[in-house]
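Everything below concerns the one structure shown next.
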Amino acid sequence: MKNQNEIRCMKMALQLDILSSGFVQEMMKTTANLYRLGWDERNGGNISYLLKEEEVAPYLDLNAVIRTIPVKFDASALAGKYFIVTGSGKYFKNVIDAPAVNLGVIRVAQDGKNVELLWGLEGGGVPTSELPAHFMTHIARLAVDPEQRIVIHTHATHLLAMTFTHPLDEKAFTRTLWQMCTECLVVFPEGVGIIPWIVPGTNEIGEATAAKMHDCRLVIWPHHGIYGAGRDMDETFGLIETAEKAAQVYTYVQAQGGVKQTITDRQLKDLADAFGVAPRAGFLEV
Ligand code: 2HA
Ligand code: ZN
């Protein structure tokens, strides 16, 4: 008969190194990319990635809860679900060198009032301060698409700048982005959502973001940044990257003296038909 300690040691010996897992590697690479792009200064930005139990199980003892961390909203709709998240106050710049300090694997407790830390956030860290907006977004997106797993918040520079100079009307803002790069309409035919300015980290900003996330995968936080949601890291990063590129082009166009000609609504409609996407109803005048 082996005692509990021996059994635990045997289990640990069988466990794979979580640092080699696809999900930790993706978090390390994505945070490094976002930092390199200059969008996540200091502790700016946060990522949450919904994991399947069978993805986590080879790397962790799912019964070994390191700490229980309270959340200040009702997360019971996500009870039992696993996420890897960036830590509150942590710098994207540092994730690549110290993933176990800056990232954490958590499971939402059955009561929805706590999360259980299973790995990472070493040294007493807690999940991102934007957990309400992330979790509420996951709930909203899962209702639309059960395969959706990623939420990224970042301070994409040109999109952020545009919120000072462009009308904050969803139709007008979306149309400008669609017009700046031909691929935009194909990548986000549903357009972008825009919420009012709200204090970050609050349940209120989470609720406003999630309400928009029922209809679109990109939500702009004026004078702050952007939220993007998608099925995997490439899709979600690509979505934000595409909108940000359009905002960068807009910035150059404005600096060059403004628009002299653009893609017409008729051309945008032809594009949508060619790629089999449905532009948000009422956003094109054709
Ligand atoms: O985590 O970006 O919105 C820092 C932020 C807050
Ligand atoms: Zn932010």
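All ligand and atom numbering here is 1-based and tracks the order in the structure.
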| request: May I have the step-by-step check of side-chain contact (heavy atoms from CB on, under 4.5 Å) for W178 and L271, ending in yes or no? | output: CA-CA 11 Å; W178 284 352; L271 181 70; over 6 Å; no
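- Looking only at its N/O/S atoms, H224 has NE2 as the one nearest to the Zn ion (ligand 2).
- The shortest side-chain heavy-atom distance between V115 and V85 does not fall under the 4.5 Å cut-off.
- Set against the non-hydrogen atoms of H153, the atoms of ligand 1 under 4.0 Å away are 2 (O), 3 (O).
- Heavy atoms of other residues, nucleotides or ligands lying less than 6.0 angstrom from CD of E204 number 12 at most.
- Within 6.0 Å of CZ in F164 there are more than 12 heavy atoms belonging to other residues, nucleotides or ligands.
- Of the protein's non-hydrogen atoms, N43 O, 3.1 Å is the one closest to atom 4 (C) of ligand 1.
- Ligand 1 has no N or O atom lying under 3.5 Å from any N or O atom of W221, backbone or side chain.
- When each atom of ligand 1 is checked for a heavy atom of N46 under 4.0 Å away, the hits are 1 (O), 2 (O), 4 (C), 5 (C).
- With respect to the salt-bridge test (charged N to carboxylate O, under 4.0 angstrom), the residues K212 and E170 qualify.
- Taking every heavy atom of G45 and a limit of under 4.0 angstrom, the matching atoms of ligand 1 come to 1 (O), 2 (O), 4 (C), 5 (C).
- Within ligand 1, counting atoms from 1 as listed, the ones closer than 4.0 Å to a heavy atom of E130 are 3 (O), 6 (C).
- For P200, no nitrogen or oxygen atom sits less than 3.5 Å from a nitrogen or oxygen atom of ligand 1, counting backbone and side chain alike.
- Using a 4.0 Å cut-off between charged side-chain N and carboxylate O, E235 and R149 make no salt bridge.
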